[in-house]
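Just so we're on the same page: letters track the sequence lines, and every chain starts at 1. Computed over heavy atoms, backbone and side chain alike; hydrogens, waters and symmetry mates excluded.
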Amino acid sequence: MPTRLASVSETAKLAAAPVSDPVPNPEESLTGLLETEEDAVQGDAAADAPVGSHAAPVPSGAAQSGGPEATDAAPLGTVNASGHNRLLVIDGHSMAFRAFYALPAENFSTDTGQHTNAVYGFTSMLINLIKNEEPTHIAVAFDLDTPTFRTEEYSEYKGGRNKTPEEFHGQIDLIIKVMEAMRIPTISLDGYEADDILATLSEQAADRNWDVMVVSGDRDAFQLVNDHVTVFYPKKGVSDLPRMDAAAVEEKYLVPPDKYSDLAALVGESADNLPGVPGVGPKTAAKWIKQYGGLDGILEHLDEIKGKVGDSLRANIEDVKRNRRLNRLLRDLELPVDLDAMAARRPDRDAIEELFDALQFNALRKRLFDVYGEEETAADHPELVPPVHVVLTGAEELRGWFEATNQAPAAVQLVTEGAGEARDAVGLALVTDNAAAFIPLTEIDAAAEKVLADWLADKDAPKVVHDFKSAYKLLARRGLHLAGEVDDPAISGYLIQPDRRSYDLADLSLTHLKLSLDAAPDTGNQLELSLEGEDSATPAVRKAFAALRLSEHFAGQLVERGANQLLGGLELPLSEVLAEMELAGIAVSTEKLDALLDQFSFTINQAKEEAFAVIGKEINLGSPKQLQVVLFEELGLPKTKKIKTGYSTDADALADLIVKTGGHPFLAHLLAYRDAAKLRQTVEGLRKAVADDGRIHTTYAQTVAATGRLSSINPNLQNIPIRSEEGRRIREVFVVGEGYETLLTADYSQVEMRIMAHLSGDESLIQAFRDGEDLHRFVGSHIFGVPPEEVTSAMRSKVKAMSYGLVYGLSSFGLSKQLSIPVDEARTLMRDYFTRFGAVRDYLRGVVEQARKDGYTSTIEGRRRYLPDLASTNRQLREMSERAALNAPIQGSAADIIKKAMLGVDAELKKQGLKSRMLLQVHDELVLEVAPGEREAAEKLVREQMAGAADLSVPLDVSVGWGASWHEAGH
DNA sequence: TACTAGACGTA
DNA sequence: CGTACGTCTAGTAC
């Protein structure tokens with residue numbers, strides 16, 4: 001038996017469409033502009049690759065089994081009551097096609113344009129089968145796009161089929177990737193079809209007395225049915241899979257399964273392009289089979305069959321014999337995968353997360369994990385069982401416990417009650433390497449609390465705290481100061497892997513420790529607890545334990561990635577600074593908020609009425625869907641940019657329409673409505689966020705932005721309007737609080753361009769910054785070849801747009817669009833820019849090149865961002881990563897700098913014993929609340945700390961303003 | 001009730 | 001066909 005083995009390519013990238021990838025026009029994008037000569041040559045070579053000829057994109061291999069990891073890959077299913085193993089085998093191609101035609105391709109695609117309907121349907125079907133049938137073993141067989149013994153005997157075999165639809169391309173590869181992630185072996189064999197593999201597996205399993213479930217959209221599979229083997233044959237789509245056992249086959253085809261192939265040979269199979277005997281249908285065929293015992297009997301008695309059909313049979317008997325040869329499935333192939341290797345295992349959770357993220361399968365992810373139930377629990381792994389905890393309430397007990405820790409790192413985990421402003425810490429779990437304790441905060445006396453307070457505030461008592469900032473704030477509300485933090489696994493995890501979706505303790509534990517916190521394993525912790533805190537103790541102990549283990553786990557990786565200094569010297573201390581800022585909040589004037597609310601509401605109503613008057617009816621102006629009807633159907637306005645749901649009604653599109661329609665009155669009213677509605681929404685959000693103390697306390701997310709920036713939530717105070725006059729008025733509501741003299745704002749000017757100048761080392765840019773020139777005017781004069789004073793405002797704004805665009809990887813097309821100039825002009829602008837500032841071009845080119853080589857970009861503080869998709873064969877993914885690579889070092893370095901500045905400002909305020917305090921950070925701006933008499937000192941130290949936060953080859957300019965409101969203090 | 005799409009605010 | 005975010009509303013899927 002000839003077999004040829006090869007493994008499925010591990011490197012086939014998600015959503016890959018390598019051969020159909022057009023090479024970018026080097027002039028069309030920044031990354032194109034940056035392409036080196038060699039890159040361009042490679043690109044051309046790629047362009048010569050065949051296009052669109054990959055009908056069945058299965059890797060030219062044979063077998064692939066799940067990953068080698070053993071820890072969480074233990075067999076899942078258990079033999080059923082009858083003692084049988086249950087093998088589920090699937091014909092991959094036929095089911096993928098069924099899924100493809102069952103679900104509309106246009107409803108299933110990723111942002112990158114890869115269709116996923118077949119992948120979705122297939123995976124969904126598989127999940128249902130696993131759930132309902134509980135197989136103990138699973139495998140999926142695929143056809144290869146190579147000749148088989150059938151096509152060699154009969155070249156028209158399966159001929160006449162339509163070409164594979166464009167939308168199907170790549171989906172088989174994706175299904176294989178899903179199978180890999182689910183640790184389900186996929187099998188294909190050169191020269192044979194998937195059905196032959198199914199037949200062989202059925203035979204092998206039957207030999208072992210297993211039950212077999214074959215899933216195939218190919219009727220030939222019916223010949224496999226017997227007492228052990230049933231076939232699931234799709235009736236409609238892939239969700240309705242009737243179970244075809246022997247009785248069902250016989251009922252439908254009038255012959256028992258082992259005679260089905262005889263019947264098919266006589267009747268023919270149009271799907272395989274096998275003609276049968278004209279005039280003979282299933283009924284006649286079945287009658288003969290019954291009468292003569294099968295095809296062999298019919299052949300023996302060929303002459304006895306009377307009538308026209310008899311003549312027809314004799315005339316076509318060679319076809320029938322050929323059909324029978326071709327539809328017989330081979331049951332004795334030598335397969336590269338053993339049945340035992342098909343044991344159902346837990347999916348590779350990391351791989352599923354990554355893959356389903358890319359495929360945007362969110363509901364499926366949940367369904368999949370639901371089927372597999374809880375992960376293995378701590379109880380399965382002794383090393384993951386936390387030490388048994390003691391409950392500490394007395395001062396002496398506490399003192400003794402802390403002394404026994406002997407300065408070993410202890411993880412701290414709070415137990416809280418209530419939510420929002422009322423959230424309060426009621427208990428505290430402590431875990432060291434060999435001991436665990438729980439302290440019911442609400443139960444302990446003053447003496448005990450004093451012991452605890454001293455330990456918590458002890459800088460030399462090292463602590464690991466997951467989400468340190470929250471814990472710090474909660475304890476602060478109880479008058480407890482938390483110090484001595486040496487790690488926060490959320491932040492360590494973020495520094496190691498800054499674009500993870502979540503740094504939840506439970507998520508991190510699952511991925512890195514394979515430890516589930518949700519399950520409540522019996523840890524053997526049978527302590528008799530008589531306190532109210534007892535219920536919450538064990539989960540909290542487990543969390544603290546997980547935090548400690550995570551910290552150990554991350555320690556090595558932090559060193560490897562050079563992130564230790566970033567953690568201990570920047571992010572952890574910043575965490576405390578942020579906590580204080582959040583606790584402080586910023587005072588707001590609710591009167592002003594209410595006045596603005598009224599004002600915006602008035603504008604909204606006015607705009608609404610006027611808009612309705614124009615179209616003669618009332619619609620919901622906030623509904624893009626209804627707007628589309630009015631604009632493009634009823635008013636018949638020209639079509640705008642296409643979006644998923646029709647045509648865009650966004651501000652850019654409306655501005656275009658205004659030009660094209662010569663200023664349709666409805667559009668102006670609509671824009672006015674939109675503006676006011678957005679502002680009112682902002683004001684309403686702020687209104688709701690005012691706390692009892694009359695201040696708004698935002699929360700800074702320290703582990704969200706992949707570049708290293710902070711983000712602000714609940715409410716977001718980093719996107720308060722400033723560009724429009726009406727919007728800017730919202731800043732009037734943020735005011736100086738009682739007991740303070742003024743608000744002070746300090747911001748970096750053009751920090752990103754300065755970083756660009758520094759990193760690129762471009763001498764003329766650096767000189768311009770050193771000379772304190774107007775950057776855009778300076779650049780403009782170079783590009784347009786005029787003296788600086790002759791740079792017009794139009795020239796200046798073009799330059800400004802381009803300079804900032806560079807930092808984002810802007811293309812000439814994008815630039816032309818933004819400036820409403822021809823692409824040619826934009827292209828010339830960019831070329832001139834790079835001619836004048838060659839070092840910038842070299843730098844940007846180098847960044848992407850280096851990132852491709854290293855797999856990550858770095859900021860001036862060594863903060864990394866990993867960009868695996870730089871190597872993607874999918875152009876859209878790759879180019880997105882290239883732009884991210886251009887931007888990350890610059891945006892990230894700016895983030896590093898202001899973070900350092902914040903530490904400096906905080907330290908200096910304390911050192912000088914000032915009462916003034918930082919309230920807000922808005923990426924390149926700090927807002928401080930200044931205590932009486934401290935304005936000058938505060939301004940001086942803020943300027944010094946901000947300007948001195950980095951040692952660049954250009955100065956860091958800081959501008960400062962002050963006033964009673966944020967609006968007034970702005971500049 | 002939970003999610004997505006569209007829109008739009010900031011640096 | 002410009003990076004990084006968060007929030008709201010409408011509309012739909014569950």
Side-chain angles (χ1 to χ4, degrees), chain A residues 24-25 27-32 107 111 360 362-363 366-367 498-499 619-628 641 643-654 670-671 673-675 677-686 688-689 698-701 704-724 727-728 730-731 747-752 801-818 823 826 857 865 867 875-876 879-892 894-895 898 920-925:
Chain A
N25 180 341
E27 294 298 318
E28 285 304 327
S29 67
L30 177 59
T31 47
N107 291 359
D111 294 339
Q360 296 161 356
N362 291 318
K366 193 174 175 306
R367 272 174 56 199
D499 28 31
I619 62 163
N620 185 346
L621 293 176
S623 162
K625 204 176 165 213
Q626 295 180 34
L627 281 175
Q628 284 177 22
K641 180 178 64 185
I643 54 174
K644 272 188 190 170
T645 56
Y647 298 95
S648 173
T649 67
D650 71 15
D652 275 350
L654 295 183
L670 174 58
L671 281 174
Y673 169 85
R674 280 250 180 94
D675 281 348
K678 177 75 179 171
L679 294 174
R680 184 175 68 176
Q681 177 202 300
T682 303
V683 172
E684 268 177 341
L686 292 174
K688 287 193 196 115
T698 185
T699 301
Y700 289 102
V704 165
T707 52
R709 274 188 175 180
L710 299 176
S711 77
S712 160
I713 52 172
N714 301 323
N716 181 357
L717 294 186
Q718 289 178 324
N719 70 343
I720 302 303
I722 192 169
R723 289 174 189 166
S724 77
R728 192 152 51 225
I730 297 180
R731 294 185 172 226
D747 62 48
Y748 286 119
S749 51
Q750 296 155 337
V751 66
E752 291 187 334
M802 184 161 50
S803 287
Y804 280 104
L806 284 184
V807 180
Y808 305 140
L810 185 68
S811 66
S812 53
F813 178 89
L815 184 66
S816 77
K817 208 151 171 242
Q818 196 195 318
V823 179
T857 61
R865 176 166 187 189
L867 295 162
R875 179 172 127 189
Q876 197 180 343
E879 291 186 345
M880 274 172 58
S881 289
E882 284 170 355
R883 290 190 296 269
L886 290 173
N887 179 253
I890 296 173
Q891 192 185 111
I898 194 159
L920 303 179
Q921 188 253 44
V922 192
H923 307 307
D924 65 359
E925 172 187 10

Is any side-chain N or O of [X] closer than 4.0 Å to OP1 or OP2 of [N]?
X        : N      : answer
A:Asn719 : C:dA4  : no
A:Ser711 : C:dG6  : yes
A:Lys644 : B:dA5  : yes
A:Lys625 : C:dT12 : yes
A:Thr649 : B:dG6  : no
A:Thr645 : B:dG6  : yes
A:Arg723 : B:dG9  : no
A:Arg709 : B:dA11 : no
A:Gln360 : B:dT4  : no
A:Ser648 : B:dA7  : yes

**Message:** I'd like to check the salt bridge (Lys or Arg N to Asp or Glu O under 4.0 Å) partners of A:Lys641; sequence neighbours left out, ordered by chain and number.
**Reply:**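 Applying salt bridge (Lys or Arg N to Asp or Glu O under 4.0 Å) to A:Lys641 gives A:Asp650.
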
**Asked** Got a donor-acceptor contact below 3.5 angstrom from the A:Thr682 side chain to the A:Lys678 backbone?
**Response**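 Yes, A:Thr682 side chain to A:Lys678 backbone: donor-acceptor pair under 3.5 Å.
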
**Prompt:** Below 3.5 Å, does any donor atom in the side chain of A:Asn716 face an acceptor in the base of C:dG6, or the other way round?
**Reply:**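 Absent.
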
**Message:** Tell me if the side-chain of A:Gln718 makes a donor-acceptor pair with the base of C:dG6, cut-off 3.5 Å, by modelled atom types.
**Reply:**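 No such pair is found, so the answer is no.
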
**Request:** Indicate yes or no: at least one non-hydrogen side-chain atom of A:Glu882 is less than 4.5 angstrom from one of A:Leu867.
**Result:**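 No. Closest side-chain heavy atoms not under 4.5 Å.
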
**Asked** In terms of the nearest nucleotide of DNA chain C, which residue is placed more toward the 5' end: A:Pro624 or A:Pro498?
**Response**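 By nearest-heavy-atom nucleotide position, the 5'-most residue is A:Pro498.
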
**Message:** Starting the side chain at C-beta, find the nucleotide from B:dT10, C:dG2, C:dT7 nearest to A:Gln818.
**Reply:**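 The listed nucleotide nearest to A:Gln818's side chain is C:dG2.
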
**Asked** So what does A:Val751 hit on the nucleic acid, given a heavy-atom distance under 4.0 Å: a base, only sugar-phosphate, or nothing?
**Response**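 Since no nucleic acid heavy atom lies under 4.0 Å of A:Val751, the category is nothing.
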
**Request:** Give one of base, sugar-phosphate or nothing for A:Ile643, where a contact means two heavy atoms less than 4.0 Å apart.
**Result:**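 Counting heavy atoms under 4.0 Å across all strands, the contact made by A:Ile643 is with sugar-phosphate only.
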
**Message:** Take N1-N3 plus N6-O4 or O6-N4 for Watson-Crick, N1-O2 plus O6-N3 for G-U, both under 3.5 Å. Which runs of 3 or more such pairs involve DNA chain C?
**Reply:**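 The stems that DNA chain C takes part in, listed by first number, are B:1-11 with C:3-13.
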
